[in-house]
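What follows is one structure encoded as structure tokens, with my remarks underneath.
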Amino acid sequence: MELSKNFEPGPIEEKWYQHWLQKEYFKSTPDHREAYTIVMPPPNVTGVLHMGHCLNNTIQDVLIRNARMHGKNACWVPGTDHASIATEAKVVAMLRERGIAKSSLSREEFLAYAWEWKEKYGGIILQQLKKLGCSLDWDRTSFTMDKDYYDSVIKVFIDLHQKGMIYRGKRMVNWDPVSQTALSDEEVIFKEVDSKLYYVQYQLAEDPSKHITVATTRPETILGDVAICVNPADERFENWVGKEVIVPLINRKIKVIADEYVEADFGTGALKITPAHDKNDHLIGTKHHLPIIDTLDATGKFTSVDLMPEQPSAQVLSYNGMDRFALRKKIVEDIEAIGKLEKTESYKGQVGTSERTGAVIESRLSMQWFMNMQLFMQKKPQTLSSVMQDEIQFHPAKTKNTYSHWMENIKDWCISRQLWWGQRIPAWYDAEGKCVVAANEASAKEAYKKEFGSEIQTLRQDEDCLDTWFSSWLWPMEVFKGISQPNNAEINYYYPTTTLVTGQDIIFFWVARMIMAGYEYKNDLPFKDVYFTGMVRDKQGRKMSKQLGNSPDLLGLIEQYGADATRFGIMIAAPAGNDLLFDESALEQGRNFNNKMWNALKLIKMWEGKQAPSSSTDNQFALDWFEQRLQQVKSEVQELMQQYRLSEALKTIYSLIWDDFCSWYLEWVKPGFEQPIDPAVYQQTISFYTELLQLLHPFMPFITEEIYHLLDKRSEDLCVRQAQTAQATKPAILEKGLLLKNAITGIRDVRNRQQIKPKETISLHIQTAQSDLYQSIESILGKQINSSSIQYADHSVANTFTTVIGKDTFYIESLQPINATQQKEELVKELNHLKGFLQSVEKKLSNEKFVQNAKPEVLALEQKKQSDALAKIQVIEDSLASIG
RNA sequence: GGGAGCAUAGCUCAGUUGGUUUAGAGCAUCUGCCUUACAAGCAGAGGGUCCGCGGUUCGAACCCGUGUGCUCCCA
């Protein structure tokens, strides 16, 4: 069989993925084994794969494949999220392009378009995950708007409403005037913007010659002013509190009030209070029983509806329908025209924007549905305590702080959204606005009768739908039908799931709420471990974004480097919870690693037809040593996997394959040119390589499966091959391996420094007290340093290069002329280093307090350091003396 | 304004309750090699005031305080 020069990933990936699917390796059904369950954080149904998904899903696949190879019943559930805001925004944009306005459509018509869109683009992302090699149980693919899922969300809403944890109320919400919906605090992004601070004068009602100046960034809300507030301790305004001032343009008389909320240092120390348009103003307004005057409509345009009782002037009425930003300009002009604008300053302020539409958020009073979080937390304190007491383990642990801080300051969750794409709120109203909550119209009518005592003919259902997170918080349960069919066999087997892998940015949106739902509906935690990934950033540490164009095309990368190399590149640089700085050179490293393994395969295949038994035991040490290294690394890797230190586990395997296996082991057992290999060594090498492939498989599934099958005839696939537990190691062999490596490296260093040509052989003389140790590794040593002979000496050898390794001295005989001065310099340098080291050790040992206080093993170690250093100094001094 | 986190080689990061040879790895760099598996490679090397200052301790990259810089979350 002819193997290509380099590894070619493309066709192999397709071949193996289809094979695994056909063998149903990814399929899971409950059985006697322990379940290892991961539910995939469902991506937006119309989303495309980006670097964040790549990181996230590669990690999950590594965990799932590792579990599958360790006797677990591995179940990884795929799915998508209907993502109400994002998807509806996309559909609205699509319709707009076709010249259709959402407002011209009925709810049913709009939803028909939305489903059409979902069928067309939904699930592309799941297909892309196959390219990455993700071993998902595709038969379990779920969608948060599947029939059962939808009904479960409604069921939960009704249930929580009955339990008194969901209520309806007028609240200050973050209003997005573009998508005309309320947003949760978490969906609002604060941005620093350059704005202006306008200094506006309010005349004193009783004496128009006096005025108070207010600094505001939002003059367009001035017509909604109901008070001026100052700090009670502010002496400047002592005489003003309780008096009336006049709001410019509208000439409304309002009171000056005092509240500690106002900071005397900011602006002029006087704050205008507009309860309809600012959260804090609303708080103060409520506290001081002030009226609320709303001057902006749902689209952010001026409306005089609330002003009508005051009979506004023609000027004020002319503002009607003006957009908030145009209005700001106009009002500033008009205030200036009446001489009430004192000055304007530029100001850097924070402004909230919508995560989805980018629009500047308005604080707005509106009727919304809320979940009472304080009440919930009183009922299910486990939501917090399970995390703090590590029943649910967060990785990295520092994320616990973030979690507890949020949970302890939890605010009510606004769960209604002014959207159509999503679960429609099961609330029904009569003409007067009286409300009942029920699953459908018929039961709503029944409920109405029960509650209000009269029959009703027509009820109108709430137009709004539920926050997306109000459906995804049920994800770990409802993918197993845990809500729609409680206590079915699957939910009881797979739940609690084992591990959740997700981004830190949705710890509150999603992780916290799944924990809540878990305790409420299953009385159990939803997962045992949470692995938080960081954000994927570019090389310069910038967030990846469409605007910056720094987000690489993932499928292009897979095409270019292969899925395995892509997985390698992202995993090698991804410590838990830290941001990942994506650098394409890591993928190159992954591709090079593929080639390295491919070439190791080629070497071993060359031996296939060239074998002859040998009586020589020259290779015995290489076999013994690599066996030990393998066992050692195997247990290290399992340890690291258990601690979720995946990138370190990969690094460890990488170095075992590249350095220990390829650079040391294969070179040690490689026969000379045209020489046959011993069949036992050949077989052992295949067995070693097989184990290495098995270790690496979770990280790089395609190439490992391919090489595994090329290496030998196999009756099973690597994908489901069960791992053997690591055996205890023999330290003596590992130590001897270290000695051998050090000797080889040390002598090669001398060859390099002395410019001894690679092809030129040398003669080696070893002066050592442990010559029997060297004899068993002599043939490997000789081969690796290209020596023609190795002898043992009990004294220095003239006309040689001298180097000291460990406690042994090596004399290297070659054709190169000897430079005694240079040799001396090098030895002296080494000697000085050792003497410095010895000094620091002796300083410790001569310290009485150290000797008294240090643990015995620490003391013994220091004493060993001392004697070792002394012995080595002696050896170097002898060598120096012999050079003369 | 409130809270959290981070700072170790040119870059990305390890460093497990303070003691493991006067700090480790990968990448990058430099030197020498087209050695019959691999130049996408091999062999070897150099490179650090562990952010500054102060403290605790026999002993600090690690603990405490403080300053500086960066990041994130919440107002």
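Chain letters run A, B, ... following the sequence lines, proteins first, then strands; residues in each count from 1. Heavy-atom basis, side chains included; hydrogens, waters and symmetry copies ignored.
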Of all the choices, [options], which nucleotide is nearest to the side chain of [X] once you look at every atom?
X	options	answer
Tyr654(A)	rG26(B), rU21(B), rU35(B)	rG26(B)
Cys662(A)	rA37(B), rG19(B), rC27(B)	rA37(B)
Trp658(A)	rG41(B), rC58(B), rC74(B)	rG41(B)
Leu603(A)	rA37(B), rC42(B), rC33(B)	rA37(B)
Met606(A)	rA37(B), rA14(B), rA45(B)	rA37(B)
Arg748(A)	rA43(B), rU21(B), rG5(B)	rA43(B)
Asn752(A)	rC58(B), rC13(B), rA43(B)	rA43(B)
Asn847(A)	rU21(B), rG15(B), rC58(B)	rC58(B)
Pro758(A)	rA75(B), rG44(B), rC33(B)	rC33(B)
Lys398(A)	rG5(B), rG19(B), rA14(B)	rG5(B)

Gln755(A) atom CD, over 12 foreign heavy atoms within 6.0 Å: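 No, not enclosed.
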For Gln839(A), does the CD atom have more than 12 heavy-atom neighbours from other residues, nucleotides or ligands under 6.0 Å away?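 Check fails, neighbour count at 12 or below.
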Derivation and outcome, salt bridge (charged side-chain N to carboxylate O under 4.0 Å, His left out), residues Lys757(A) and Glu760(A): CA-CA 5 Å; Lys757(A) 294 261 177 297; Glu760(A) 184 192 328; over 6 Å; no
Considering Watson-Crick and G-U wobble pairs with both distances under 3.5 Å, what does [N] pair with?
N	value
rG41(B)	rC33(B)
rU57(B)	none
rC62(B)	none
rG5(B)	rC70(B)
rU49(B)	none

Base, sugar-phosphate, or nothing for Glu667(A), non-hydrogen atoms under 4.0 angstrom?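 Glu667(A): base contact, heavy atoms under 4.0 Å.
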Regarding Asn786(A), tell me which of base, sugar-phosphate or nothing describes its non-hydrogen contacts under 4.0 Å with the strands shown.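 Nothing, no nucleic acid heavy atom in range.
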Quick one: are the ring centres of [X] and [Y] less than 6.0 Å apart?
X	Y	answer
Phe661(A)	Phe688(A)	no
His395(A)	Tyr531(A)	no
Phe568(A)	Tyr654(A)	yes

Any Lys/Arg nitrogen of Asp660(A) or Lys741(A) sitting under 4.0 Å from an Asp/Glu carboxylate oxygen of the other?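 Looking at Lys741(A) together with Asp660(A), the answer is yes, because their closest N to O distance falls below 4.0 Å.
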Would you call Lys605(A) and Glu608(A) a salt bridge, taking side-chain N to carboxylate O under 4.0 Å as the test?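 Looking at Glu608(A) together with Lys605(A), the answer is yes, because their closest N to O distance falls below 4.0 Å.
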Specify the residues of residues 589-600 of chain A, ordered by number, for which at least one heavy atom lies under 4.0 angstrom from an atom of RNA chain B.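 Heavy-atom cutoff 4.0 Å gives Gln589(A), Arg591(A), Asn592(A), Asn595(A), Lys596(A), Asn599(A), Ala600(A).
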In whole angstrom, give me the gap between the [atom1] atoms of [N] and [M].
N	M	atom1	result
rA7(B)	rG52(B)	C1'	12 Å
rA61(B)	rC33(B)	C1'	39 Å
rA28(B)	rU68(B)	C1'	29 Å
rC27(B)	rA23(B)	P	22 Å
rA40(B)	rU29(B)	P	13 Å
rG47(B)	rA4(B)	P	41 Å
rA45(B)	rA25(B)	P	11 Å
rA37(B)	rG32(B)	P	25 Å

Rounded to whole Å, please give me the gap between [atom1] in [X] and [atom2] in [N].
X	N	atom1	atom2	answer
Asp583(A)	rA28(B)	CG	C1'	10 Å
Glu862(A)	rU22(B)	CD	C1'	11 Å
Glu588(A)	rC38(B)	CD	P	20 Å
Leu3(A)	rC38(B)	CG	P	13 Å
Leu838(A)	rU22(B)	CG	P	12 Å
Lys759(A)	rC33(B)	NZ	P	11 Å
Asn832(A)	rU22(B)	CG	C1'	14 Å
Glu408(A)	rG3(B)	CD	C1'	12 Å

Less than 4.0 angstrom between a side-chain N/O of [X] and OP1 or OP2 of [N], yes or no?
X	N	answer
Thr745(A)	rG44(B)	yes
Arg751(A)	rU35(B)	no
Ser663(A)	rA43(B)	yes
Lys5(A)	rU36(B)	no
Lys757(A)	rU35(B)	no
Trp406(A)	rC72(B)	no

Determine, step by step, whether Arg591(A) and Asp564(A) satisfy the salt bridge (charged side-chain N to carboxylate O under 4.0 Å, His left out) criterion, reporting the C-alpha distance in whole Å, the side-chain angles of both residues, the deciding distance to 0.1 Å, and the verdict. CA-CA 8 Å; Arg591(A) 182 198 57 191; Asp564(A) 287 325; over 6 Å; no
Determine whether Val387(A) and Phe394(A) make a side-chain contact, defined as any pair of heavy atoms from C-beta on separated by less than 4.5 Å.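 A side-chain contact exists here, since the closest heavy-atom pair is under 4.5 Å.
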Between Trp664(A) and Asn401(A), which has a closest nucleotide on RNA chain B that is more 5'?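 Upstream on the strand: Asn401(A).
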Below 3.5 Å, does any donor atom in the side chain of Gln784(A) face an acceptor in the base of rA43(B), or the other way round?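 Looking at the base of rA43(B), it does not pair with any donor or acceptor on the side chain of Gln784(A) (distance under 3.5 Å).
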Shortest non-hydrogen separation from Gly590(A) to Ala565(A) and the atoms involved: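 What the structure gives for the nearest pair is C-CB, 3.7 Å.
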